[in-house]
Amino acid sequence: MLSLQTQYWAVRDYLSPVLRESKFKEHGRITPEEFVAAGDFLTDKFPTWQWEKGDASRARDFLPTDKQYLITRNVPCLRRAMAVNYTDADEDAEKLMSFLDEADEAPGPDGKPRSGEDDWVATHIGRASQTDPTINDIPDMSDSPSAPAAADPSGAIANLRLDDRGDEVKEEIIPDMDDIPDMEDEGAGLEEEDDAAVRIVHPSASDIKSTAGQNLLQVRTYDCFISYDKHYQTPRFWLFGYDENKSPLTTTQVFEDVPSDHAFKTMTMEPFPHSGQQLASVHPCKHASVMKKFIDRMDEHQKEGSGSAAGQPAGSTPGKRGSAGGRWGLGGMVRKVTGGSGVKKEEGKEKEVEAEGEGEVRGLQVDFYLVIFLKFIASIVPTIEVDSTTATTL
Amino acid sequence: MAPLQFQPISSQPTAAFWSALTALKLDKLKLDDSQVDITAWLEQGREIRDKEAKVEDETGLVGVDGVLGVGSAAFGEEGERPPPGSIPIKGIFKNFNTIEEFKSTEHKKALFDSVADKILASFDTDAPDLNPFLLVTFADLKKYVYHYWFAFPALVAKPGWEVEGEWVETNEEAMGEIYNLQDTLLIAGSSNGFLVRGVAGQRQVAPISEASSFFASVPKEERCIAFHDPSSLPSNPGWPLRNILYYLSAQHGIRRIKVICLRSGSASRQAVVYQQEGETEAKPQAVGWERNKAGKLGSRMVDLGSVLDPARLADQAV
């Protein structure tokens, strides 16, 4: 079923004309040229992002051969989305919502935003994170590769007995046990004990679930990709993850880092166009409309002048994540990316710096498109630190 | 005086690397299992801010170690570019045709020893090759399952190195100066460390092979070695330093030096390390096979069926 759909998408993509006219202010879509311009800006200002060529045989001819897609490697993800306790008081979330539409600001009775149908769900608004903990503890069979359970009933029983402690055990159940000679004493005879090496012991998932271990981190890293989607005429975001032992994450594990509102809905597994690998991706069908809202709002702030440009509660949480006030305002962003020193200014100074920023850029430039896009993506995968644009790097 | 311990390197092959390996095996190597040169990249250690940190943990900074990554460009073809801020590292790659050969201790030991010997042999050259790595694999191409094991051979110093005092943060100004000087050196992939001497603002650098002459007139306290450090631990430098120190001691008789760990952002550290006088063995012991998930010496396995195998993808559709 999926492959049929994927093929349909491939054909539709092939038939779609390449967007030539600039449309980004009208409906949030961009042309390949604008994608390249925005990508150049992103890689220039935030060098953790860089262009890749990808597989030459899969190159898209409407993009330059050496600028097929964008990548940033090993983006840290400290906690699972499930474990993060988002509350109504989460200021960043409030801001995102107010940014989308003021009318939707007040959460509805169910704690979800009272939003119109084309609004994006900001996942951490009033989201109850108290998902029944027992759900986590059931070993997920589809997770373990080529689950032997179906073929071998005794295996199935053995697996059913796996309880919480089974996490590690499960990881070691690998396919084709008979093919592989004894795994145990592999290291025997290879080398002597070594006192000068630090032993790395990562907390296991069950350690972290125990109450005593709640401060422990399970640091995963993600390789993030941004490609250009020809059909939807927007950028498209892709993820490939590694666990703390640097082994690739399975699909099920990746979706632990996607809030349940988005997992398997807006976030799905699809073939990455430049390599053919199956990666988790944010489906781009709503990108254009959300991006248009973001852009409109920023343009508006721009025009309104300095007063509210930096977003409402300016400097409310200084130092928490760069300048909180400037997070959504274009002015703030201009300051940051143009190397202005306004990032850590106090509230009083905010306004005058704002005025300077105003002079530099009139209206929103398409260069900023991907910077805004990353802020939008950060709201979908809040625990993955994709938005490097708020942190200052060396 | 605490013994100096090193943070081992973690390897992280990208999915595209396994595709490149598959292509290499099918199109070029076929049944040939001879050694092949391979290039990887080594990232720097860094610190990131934990947004959800508990209040009592005041810094909220979390260290993330830099990994040794291998991508689709590993075998010299065009492919993935190394991430910014990383350095290239050369190594030896060998793919075994059967799982039995892959598991055999003899084969791996012989390979490992040959790499360690190469490191020692390079001591007398102008560009000592101090940190080559070794990668052995067995690829089950039909199932998209790859067994692999990295090794980062390190020569064991006897007596071991010790740390004098504490590891402290390196100030940003010094870092800036050292990074600029490093650019002028451009030691092409041979080694990731270089010598530093002089006071702030007037520092000078040189490749490590020139240690004897470069430090000849420098008082012991002002001798520094800076290196590209993948570790992010506050008081443990990364693995590559091990062979650099061994080289300095064995080849140039340097037993006391200040170490500057070059890491990303504010994560850099420095400390003085020293080694007690002792007889240098003719043939040092070498260690460095990467440990697996369980912390044991053992190979790893990656199953990319879910990423690459078209037949399995249908099952995942919900």
Side-chain angles (χ1 to χ4, degrees), chain A residues 1-3 47-48 50 52-53 56 72-74 76 78-79 84 142 145-146 168 171-172 174-176 179-181 183 186-192 194-201 215 217 219 221 223 240 242 245-248 250-251 264 269 275-279 320-321 385 391 393-394, chain B residues 3-8 10-12 14-16 19 43 48-52 54 57 62 64 67 69 78 80-81 83-84 99-100 103 105 108-109 112 143 145 156 160 233 236 242 264-265 285 287-289 293 295-308 313-314 316-318:
Chain A
M1 185 59 210
L2 176 87
S3 63
T48 55
Q50 57 182 6
E52 276 289 349
K53 289 179 186 147
T72 182
R73 289 191 190 280
N74 288 331
L78 301 181
R79 292 184 175 80
V84 175
S142 65
S146 88
E168 296 96 316
E171 305 254 353
E172 295 308 320
I174 45 179
D176 317 302
D179 291 6
I180 300 164
M183 302 285 285
E186 240 190 320
L190 272 179
E191 64 184 51
E192 307 284 314
D194 176 24
D195 299 331
V198 178
R199 284 294 170 83
I200 315 167
V201 184
N215 286 339
L217 296 175
V219 182
T221 57
D223 289 350
F240 186 80
Y242 303 88
N245 294 300
K246 321 295 176 197
S247 304
T250 62
T251 309
F264 297 108
M269 297 298 286
S275 69
Q277 293 159 4
Q278 290 282 321
L279 303 181
K320 193 184 174 194
R321 205 180 160 177
E385 319 257 337
T393 48
L394 188 82
Chain B
L4 179 60
Q5 285 193 314
F6 305 87
Q7 168 80 322
S10 315
S11 64
Q12 181 176 302
T14 69
S19 304
E43 297 175 340
I48 53 154
R49 193 163 292 280
D50 179 11
K51 286 181 292 179
E52 309 287 338
K54 299 272 187 296
D57 178 16
V62 179
V64 179
V67 299
E78 279 219 335
E80 291 168 298
R81 295 197 293 165
I99 186 87
E100 287 76 18
K103 294 288 171 190
T105 307
K108 287 192 297 254
K109 195 160 171 45
F112 185 87
K143 299 193 183 97
V145 168
V156 178
L233 297 177
N236 296 97
R242 224 173 151 169
S264 172
Q285 189 197 336
V287 294
W289 286 99
K293 274 182 193 185
K296 300 221 168 67
L297 288 173
S299 63
R300 293 170 174 236
M301 187 209 67
V302 56
D303 179 356
L304 288 183
S306 62
V307 179
L308 299 174
L313 299 174
Q316 290 182 2
V318 179

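Every chain is numbered from 1, with letters handed out A, B, ... down the list of sequences. Only this structure's heavy atoms are used, side chains among them; waters, hydrogens and symmetry mates stay out.
- Nearest heavy-atom pair, B:V302 versus A:P248, reported as atom, atom and distance to 0.1 Å: CG2-CG, 3.4 Å.
- Taking each heavy atom of A:N245 and B:R300 in turn, the nearest pair found is O-NH1, 2.5 Å.
- Proximity to chain A (any heavy atom under 4.5 Å) is shown, for B:V287, by both the backbone and the side chain.
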Hey, mind stepping through A:D195 and B:Q5 against side-chain hydrogen bond (donor to acceptor under 3.5 Å, both in side chains) and telling me if it holds?
CA-CA 8 Å; A:D195 299 331; B:Q5 285 193 314; over 6 Å; no
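- By number of non-hydrogen pairs under 4.5 angstrom with chain A, the leading residue of B:P3, B:S10, B:A15 is B:A15.
- Residue A:L78 holds its CG atom at 4.0 Å from CD1 of B:I48, rounded to the nearest 0.5 Å.
- The side chain to side chain donor-acceptor pair (under 3.5 Å) search around A:D194 returns B:R242, not counting sequence neighbours.
- Using modelled atom types, one side-chain atom of A:E52 and one backbone atom of B:R81 make a donor-acceptor pair closer than 3.5 Å.
- Annotation: A:K246, atom NZ; neighbour count of heavy atoms from other residues, nucleotides and ligands within 6.0 Å is above 12.
- Not counting sequence neighbours, the partners of B:S11 by the side chain to side chain donor-acceptor pair (under 3.5 Å) test are B:E290.
- Between A:V198 and B:L233 the shortest side-chain heavy-atom distance falls below 4.5 Å.
- Within the 4.5 angstrom heavy-atom criterion, only side-chain atoms of A:T221, from C-beta onward, approach chain B.
- Put simply, the side chain of A:R73 reaches to within 4.5 Å of the side chain of B:T14, judged on heavy atoms.
- Contact record, B:A16 with A:Q277: N-NE2, 3.4 Å, taken as the closest heavy-atom pair.
- Side-chain contact between A:T48 and B:P83 is absent, with no heavy-atom pair separated by less than 4.5 Å.
- Contact record, B:P84 with A:P47: CG-O, 2.7 Å, taken as the closest heavy-atom pair.
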